Protein chains: 2
Amino acid sequence: MGISLKDVAQRAGVSIKTVSNVVNGYRHVTPQTRQRVQRAIDELGYRPNLTARHLRKGRTGMIALAVPELTNPYFAELADAVIEHAAGLDYIVLLDHTGGRRDQEVLFAQGFRARVIDGLILSPIELENEDLLARESDAPLVLLGEREYSAPYDHIAIDNVAAARTAAAHLVEIGRRRVAFVGARHGRARATAHLRLRGWREVMGESGLPSDDALIAVTDGYSREDGAQAVARLLDSGQRPDAVFCYNDLIAVGAMRTLAERGLRVPDDVAVVGFDDIEESRYGATTLTTVAPHKRAIARAATDMLLDRLAGEADTPPRRIQPGFALITRESTVGRP
Amino acid sequence: MGISLKDVAQRAGVSIKTVSNVVNGYRHVTPQTRQRVQRAIDELGYRPNLTARHLRKGRTGMIALAVPELTNPYFAELADAVIEHAAGLDYIVLLDHTGGRRDQEVLFAQGFRARVIDGLILSPIELENEDLLARESDAPLVLLGEREYSAPYDHIAIDNVAAARTAAAHLVEIGRRRVAFVGARHGRARATAHLRLRGWREVMGESGLPSDDALIAVTDGYSREDGAQAVARLLDSGQRPDAVFCYNDLIAVGAMRTLAERGLRVPDDVAVVGFDDIEESRYGATTLTTVAPHKRAIARAATDMLLDRLAGEADTPPRRIQPGFALITRESTVGRP
DNA sequence: CGTCAGGTTTTCCACGTTGTAAAAAGTGCG
DNA sequence: CGCACTTTTTACAACGTGGAAAACCTGACG
């Protein structure tokens, strides 16, 4: 292996522990000893072996973050923020993706690499409450994103129903009467999609507008392609919505693509609202109105909560944080200025 | 800490080493011993401590990958592919981003977390040859992406000049006469942007078309915003190109946005070609013609080369691999079918 | 019954680090 | 010069694992 404390100690003519003390900035080292050791360190190019240090200390200084897809810009941006914030706190982030598949999420939550990391942040899609209850790993876990769980874990999520209501209300306000919802999922009443669907349905009901199943387009996933296909099916089924509220921005991008292919203008013929405020939404021929969760606040809260747990608050009851959100109106609902 | 071999050994009434042997599938263990140990493992929920294992073996089973920006979909897709491929080879990938800043790239190449990882893959932007020559870390390093270095490291890059030529030639072929280049950089003749610029310039020259500086738009970065601003400046300066070849897809997306704002139609008034083939290019009101490097091949080659080095080929001369690329023509140059 | 071969299990140690405790060196004071 | 006290340095053990080699079995064979 590389240069170890032993090598430095030998060269400086002191004990291993003294070198260790210098490296760790221990107070009681005479200036001349410190200098001699430091020179040996520099000459040999010594670098502490983190593996050994971690073994000794029982901590690795690494946390893991798992998101469904790295290629979903929302999660890339979120991961970016977590890495950045954690770096400032001297933690390294191990980034992983689950594909949104339950088995992968369970593996991650169980910490199948747990012994290398101190804690976990997971943004689940399919994970079930029972998976969490059956969890064996003792590494702290923070749940990210919008699913609801009763299992006792720290959880960070915006108020999805309220956010969806805001989006739907905006569409009603600008005069739309047939508002479709794109991106619903089968089953799983607690899933995020259902929360957003509920917000949409509530507003439709309160406004006396239709919210029947014919206006709801189910998708398999959350990609542009899913959005494009779902809207194609919606239109093929004879529906003529004058607005669509999409589960996320990627679906909205796909939706707008299909609308363009069918010769429908956005927002004149169909207004579109997305969710996530990914960078991509601010570009394109028609910029996208979207619900913007405060990603930086989410990332910061998740990291801080996890590190709090690591710092000893092992047994405090789980906390729940609801970061804010904002509706950002752009051309897809209000037209070009 | 958690359950260790010692705990299992105690419970099963055998030595630590026997448990270790069972865990590692050592041949010479009697079935009944193996069974007894296995039961103890199951009952206690033992999981090997990777940190200790790594300390003992001198390997961590982790490699690091640094890209400029995670939020650039090209790199997100690339990282995705590397993670996937490495996982199949039982390696964990530590993902990092440098912001394309030289100091960060140097830090990474030096392996400021090197003692935790076995090897590095770096996609540099600003890194200079001298930085590589001054490198002290002995962890194998593979360079990714299109910059040229003389320092002796494995390097994976497509033929940028040829790729750029293909793109420029396509624009000439469809009859464009004033082709702008967006995304040039100041200085650094070896940088990727210069290679693509050269390809463009060669084709313009060979076709008897202008390639003067007035047609070259310099950008600070590689984002959508950079592309949007650069094209705005280009148009403001009085240029009326009938095509733009962009350094990458993000810049192209920004370019198309500005063109739309200025009332210019794509491809009727201005054809656009990008580079990277990010997913986003396949959507939008006008899909984007682009040069598609074979990302999966790049990811695979990078990972394999690195693991080859780790497997012992320490001193073989550095290799250089040129994965293929393809021009994918879409609506931004050939119109909607 | 002793010996040997081969399979099985154990003992010992090292990987590089740091906490503990204690030894060594230094300081001040009577 | 010796004592009490503080500062500086050291020895040792331990974190959990796996390689090397020794020790222990069992059974076959002379």
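Please read these numbers as outputs of a predicted model, since none were measured by experiment. Every chain is numbered from 1, with letters handed out A, B, ... down the list of sequences. Every heavy atom of this structure was used, including side-chain atoms; hydrogens, water molecules and symmetry mates were not.
In this structure, the nucleotide among D:dA11, D:dC15, D:dT9 sitting nearest to the side chain of A:Val29 is D:dT9. Checking C:dT10, C:dG16, D:dG18 against the side-chain heavy atoms of B:Leu55 singles out C:dG16 as nearest. Among C:dT11, C:dT17, C:dT18, the nucleotide with an atom closest to any side-chain atom of A:Ser20 is C:dT18. Nearest nucleotide to the B:Ser15 side chain, out of D:dT17, C:dT10, C:dT17: C:dT10. Nearest to the side chain of B:Thr18, among C:dG19, D:dG16, C:dT10, sits C:dT10. When each of C:dT20, C:dT9, D:dG16 is scored by its nearest atom to the side-chain atoms of B:Tyr26, the top-ranked nucleotide is C:dT9.
Distances shown here put a side-chain N or O of A:His28 below 4.0 Å from the OP1 or OP2 atom of D:dT8. At D:dG16, none of the side-chain N or O atoms of B:Thr51 fall inside 4.0 Å of OP1 or OP2 (strictly under the cut-off). Between B:Tyr46 and D:dT17, a side-chain N or O to OP1/OP2 separation shorter than 4.0 Å is present. Taking side-chain N and O atoms only, B:Arg53 has a distance below 4.0 Å to OP1 or OP2 of D:dG18.
Atom pair B:Arg56:CZ and C:dG16:C1' shows a separation of 12 Å (rounding to whole Å applied). With rounding to whole Å, B:Gln32 atom CD is found 13 Å from D:dC25 atom C1'. Between B:Leu5 atom CG and D:dC15 atom C1' the separation is 12 Å, expressed in whole Å. If you take CZ of A:Arg59 and P of D:dG16, they are 14 Å apart, rounded to a whole angstrom. Taking atom NE2 of residue B:His54 and atom C1' of nucleotide D:dC15, one finds them 16 Å apart after rounding to whole Å. For B:Asp7 and D:dG16, the CG to P distance is 8 Å, given to the nearest whole Å. Across the protein-nucleic acid pair, B:Arg34 atom CZ and C:dT8 atom P stand 9 Å apart, rounded to whole Å. Computed from coordinates, the A:Lys57 NZ to C:dT20 P distance equals 12 Å when rounded to whole Å.
Looking only at atom types and distance, the side chain of A:Asn21 has no donor-acceptor partner in the side chain of A:His28 under 3.5 Å away.
Residues A:Ile16 and A:Lys6 each lie close to DNA chain C; by heavy-atom proximity, the contact nearer the 5' end of the strand is made by A:Lys6.
Partner B:Val37 forms a side chain to side chain contact (heavy atoms under 4.5 Å, CB included) with one of B:Asp42, B:Val19, B:Val23, B:Val29 and no other, that one being B:Val19. Each of A:Phe75, A:Tyr74, A:Tyr222 was checked for a side chain to side chain contact (heavy atoms under 4.5 Å, CB included) with A:Pro68, and the lone residue meeting it is A:Phe75.
Side chain A:Lys17 to base C:dG19: a donor-acceptor pair is found below 3.5 Å.
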Legend entry - side-chain contact (heavy atoms from CB on, under 4.5 Å) assessment of B:Asp154 paired with B:Leu306: CA-CA 8 Å; B:Asp154 289 331; B:Leu306 187 59; over 6 Å; no

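B:Leu5 approaches B:Tyr46 most closely through the heavy-atom pair CD2-OH, 3.3 Å.
Using a 4.0 Å heavy-atom criterion, one finds that A:Thr30 contacts the sugar-phosphate atoms exclusively. Counting non-hydrogen atoms under 4.0 angstrom, B:Val23 reaches nothing in the nucleic acid. Backbone-only contact: B:Asn24 has heavy atoms under 4.0 Å from sugar-phosphate atoms and none from a base.
A salt bridge does not link A:Lys295 to A:Glu84: none of the charged nitrogens lies less than 4.0 Å from a carboxylate oxygen.
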